[in-house]
Amino acid sequence: MYNAKMEISKILAPLIPGLEPNQIYDMLEVPPNPEMGDLALPCFKLSRILRKSPVQIAEELAAGIPADENIDRIESVSGYLNFFLNQNHYIRQVLCHIMESGQAYGSSDIGKGKTIVIDYSYPNIAKPFHVGHLRSTSIGNSLYRLYKFSGYNCVGINHLGDWGTQFGKLITAYKHWGSKEAVQKNLIKELVSLYVKFHKEAEKDDSLNDEAREWFLRLEQGDEEALELWQWFKDISLEEYQQVYDLLDVSFDSYHGEAFYNDKMEPVIQKLKDKNLLKESEGAMIVDLSDEDMPPCLILKADGSTLYATRDIAAAIYRKKTYDFDKCIYVTGVSQNLHFKQWFKVIEKMGYEWHKDLYHVPFGTVSIGGERLATRTGNVVLLEDLLNKAIEKTLEIIDAKNPHLENKHEIAKQMGGGAVIFSDLFSNRIKDVSFSWDEILNFDGETGPYVQYTHARTCSLLKKAEESGVNAEELEFDSSLLNSKEEYQLVKSLAEFPEKVSQAVEELEPSIITRYLVNLAQAFNRFYHNHSILLEDKELKHARLTLVKAAKVTLYNGLRLIGLHAPERV
RNA sequence: GUACCCGUAGCUCAGUUGGAUAGAGCGUUGGACUCCGACUCCAGAGGACGGAGGUUCGAAUCCUCUCGGGUACACCA
């Protein structure tokens with residue numbers, strides 16, 4: 001693809017002794033205002049090397065640059081060297097490239113031959129999927145798509161919370177107050193109310209806790225009845241999660257959860273012993289990390305049972321063996337920062353050089369009304385409820401604006417779900433978010449529906465053009481006709497897409513794409529409102545339709561990268 | 001107590017490998033639908049970037065201190 005920055009750094013290199021083209025490339029920046037040019041070189045740093053004033057350097061460079069078909073003019077303004085590209089040439093290069101690339105526009109093969117394992121979503125079996133789980137799911141899913149788009153081989157793992165003492169509690173509660181019929185009828189909702197009831201009753205009657213421990217012990221020892229119930233609860237949960245995943249358009253390559261590693265921890269403990277890393281402390285077995293200024297990593301409880309660090313270590317080793325990953329990424333809340341730092345360090349101490357390929361990708365905490373989310377206290381918003389409300393609201397809008405739309409239920413799902421994911425991926429991962437119904441159900445402005453609507457608008461234009469006999473696939477176009485500032489701004493925005501993708505991959509930050517899409521949609525809508533497209537003038541019509549097509553392709557590709565559908569009509 | 005993270009318009013957030021007058025959206029005020037889909041577009045009001053020092057030709061961005069909020073710190077995950 002044509003890269004104006006690259007061209008300019010090549011032109012400048014011979015004029016600036018001592019600097020390589022790539023160093024100049026890094027110095028080039030986009031001026032704050034388009035009227036100042038398309039690219040600029042601040043000459044302040046050069047002033048030390050060249051021992052001249054920045055103003056003088058800019059003046060001399062401006063005068064010394066040979067004529068080039070890519071550049072219209074060059075201005076020197078108070079120490080900045082400003083480049084104005086040849087718009088016609090630039091527009092032609094960018095649009096031709098997008099048209100040729102199509103759905104591959106923005107993709108690359110930098111990840112060719114490399115494998116990325118991404119661990120995300122991991123809901124707790126027998127508990128409802130709530131908005132807190134959404135972040136891990138939507139961020140992980142987007143990272144998966146971003147990596148894939150960049151040529152990596154990806155393995156998406158849903159590390160299900162399918163083991164632990166909560167199953168003892170659940171089985172106990174089921175035995176006391178549950179019934180097969182009630183569970184079959186109300187599924188997870190019934191399991192949750194059993195779970196909540198257990199905690200309520202256990203406060204009054206401590207013997208229930210003993211009973212729960214006993215059931216979990218039986219489960220661990222392979223007791224048939226316990227295992228059967230466990231499997232049943234798991235199946236019920238998975239089936240219900242699957243509905244949410246379908247709605248969110250999320251899937252996984254593996255559902256190996258915690259239970260899967262039950263028989264894989266013993267060798268890990270043995271290895272820790274062999275390496276002389278395991279130490280007894282207060283009855284528990286730990287790996288001491290005081291030389292790293294960290295609290296110790298707990299490996300075995302005083303009663304000899306394992307902890308989540310043990311499981312994570314075993315899982316990482318298993319994954320390295322199974323997938324031979326180049327990177328293994330964990331998408332979890334920031335509150336787990338220390339935990340990951342600790343066990344990554346344990347992996348390093350065990351002598352695995354791939355410890356450096358483990359990445360924790362943290363995200364901020366979700367709260368509702370200033371309170372943390374908690375299933376037990378009921379301070380949660382179920383994802384299912386949220387999605388349903390968003391879909392319902394979308395349907396209302398469709399009924400008001402476009403009541404005869406085909407498939408309107410399907411499209412309402414795509415947009416309602418899209419609105420929820422989009423808002424989840426809009427701000428930087430690390431920021432804490434306060435859940436608000438009003439905000440998430442507002443579809444105006446910087447929202448998923450806005451971008452989807454814009455995409456549908458491009459589709460509608462192209463369809464109308466086709467109906468009048470224009471083949472949008474094979475447009476001949478005269479780029480010199482696209483000479484307004486709205487058209488130029490739109491092309492510049494389109495051209496940014498590939499670097500936004502690589503930036504998002506590098507920073508593990510889907511929000512870069514989300515915000516880019518808003519900017520792109522804004523640029524398109526400005527163009528749309530200022531210029532008619534389906535005109536009598538065939539040349540102009542074809543040129544503008546090419547621009548519309550390029551916008552459609554880029555909006556589509558971008559929406560898919562953050563996990564949204566891009567319906568053609570809405 | 002110690003460590004890490006966050007603190008930019010009324011609200012939600014961009015911008016942080018230092019660069020030209022700090023940008024969006026929501027809300028608000030005023031405009032644009034006989035016109036390619038108004039979930040749209042245009043315009044206005046609204047901010048010494050928590051505070052104080054420092055480094056620099058230049059700081060929202062880097063350093064130090066400080067205030068406010070969040071999170072973590074041994075047998076939950």
Side-chain angles (χ1 to χ4, degrees), chain A residues 26-27 29 31-33 36 40 42-45 47-48 53-54 77-80 82 122 124 159 161 163-166 258 281-286 293-309 311-312 332-339 341-342 362 364-365 367 370 372 393-394 397-398 400-402 415 419 423 426-428 430-434 436 438-439 442-454 456-457 459-465 511-512 514-515 518-519 521-522 524-535 541 544-545 548 569-570:
Chain A
D26 289 336
M27 286 173 74
E29 58 189 41
N33 186 330
M36 296 165 151
C43 300
F44 308 97
K45 281 176 193 149
S47 117
R48 227 166 272 157
S53 79
V77 183
S78 52
Y80 288 89
N82 292 339
Y122 50 84
N124 280 323
H159 190 78
W163 201 252
T165 44
Q166 77 260 31
E258 297 174 356
S281 169
E282 295 171 36
M285 297 304 279
I286 64 160
D293 287 323
M294 278 192 271
C297 185
L298 278 272
I299 302 294
L300 290 174
K301 293 196 240 180
D303 67 5
S305 57
T306 56
L307 284 117
Y308 69 131
R311 211 171 289 275
D312 277 338
T332 85
V334 269
S335 60
Q336 296 192 45
N337 270 354
L338 179 61
H339 167 244
K341 267 174 81 175
Q342 286 177 309
T365 313
S367 62
R372 287 189 73 161
K393 165 132 193 217
T394 312
I397 296 172
I398 292 174
K401 300 273 167 80
N402 194 5
M415 293 190 83
S423 89
F426 189 73
S427 58
N428 284 343
I430 201 67
K431 299 250 177 159
D432 288 348
V433 296
S434 176
S436 149
D438 285 346
E439 260 168 56
N442 177 9
F443 296 168
D444 293 332
E446 300 168 322
T447 66
Y450 170 69
V451 178
Q452 286 172 319
Y453 174 78
T454 305
R457 184 178 255 174
C459 293
S460 167
L461 284 165
L462 292 165
K463 190 157 185 253
K464 280 214 162 64
S511 66
I512 289 171
T514 315
R515 277 193 303 273
V518 169
N519 285 331
Q522 284 172 341
F524 178 82
N525 284 321
R526 263 176 218 131
F527 155 67
Y528 175 86
H529 271 270
N530 283 291
H531 304 283
S532 296
I533 293 151
L534 301 173
L535 299 155
K541 178 166 74 171
R544 289 192 175 151
L545 276 172
V548 172
R569 329 196 81 187
V570 302

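- A gap of 10 Å separates the P atoms of B/rU66 and B/rU2, to the nearest Å.
- Taking only side-chain nitrogens and oxygens, A/N519 never comes nearer than 4.0 Å to OP1 or OP2 of B/rA24.
- Remark: the A/S281 side chain and the B/rA74 base include a donor-acceptor N/O pair separated by less than 3.5 Å.
- For the pair A/S532 and B/rC36, the criterion of a side-chain N or O lying under 4.0 Å from OP1 or OP2 is not met.
- Across all strands shown, A/N33 has heavy atoms under 4.0 Å from base atoms, whether or not it also approaches the sugar-phosphate.
- In the model, A/D438 has no side-chain atom that pairs as donor or acceptor with a side-chain atom of A/S436 under 3.5 Å.
- Proximity of A/N82 to the phosphate of B/rA20: no side-chain N or O atom is located under 4.0 Å from OP1 or OP2.
- The phosphate of B/rA38 has OP1 or OP2 within less than 4.0 Å of a side-chain N or O from A/R457.
- The side chain of A/D444 lies closest to B/rC26, out of B/rA20, B/rA72, B/rC26.
- Summarising the base pairing, B/rU64 is matched to B/rA52 through a Watson-Crick or G-U wobble pair whose two defining distances lie under 3.5 Å.
- A/S460 comes within contact range of at least one nucleobase, with a heavy-atom separation under 4.0 Å.
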Mind listing the N/O atom pairs, protein and nucleotides 5-7 of chain B, below 3.5 Å?
from	atom 1	to	atom 2	distance (Å)
B/rG7	OP1	A/K431	NZ	3.2

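- Distances were taken from every side-chain heavy atom of A/P296 (C-beta onward) to each of B/rA74, B/rC41, B/rC36; the shortest belongs to B/rA74.
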Between the protein and nucleotides 46-50 of chain B, which nitrogen or oxygen pairs come in under 3.5 angstrom?
none

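- Closest to the A/M36 side chain, of the nucleotides B/rU21, B/rC75, B/rC39, is B/rU21.
- Of the candidate nucleotides B/rC39, B/rC41, B/rC75, B/rC75 has the atom nearest to the side chain of A/E282.
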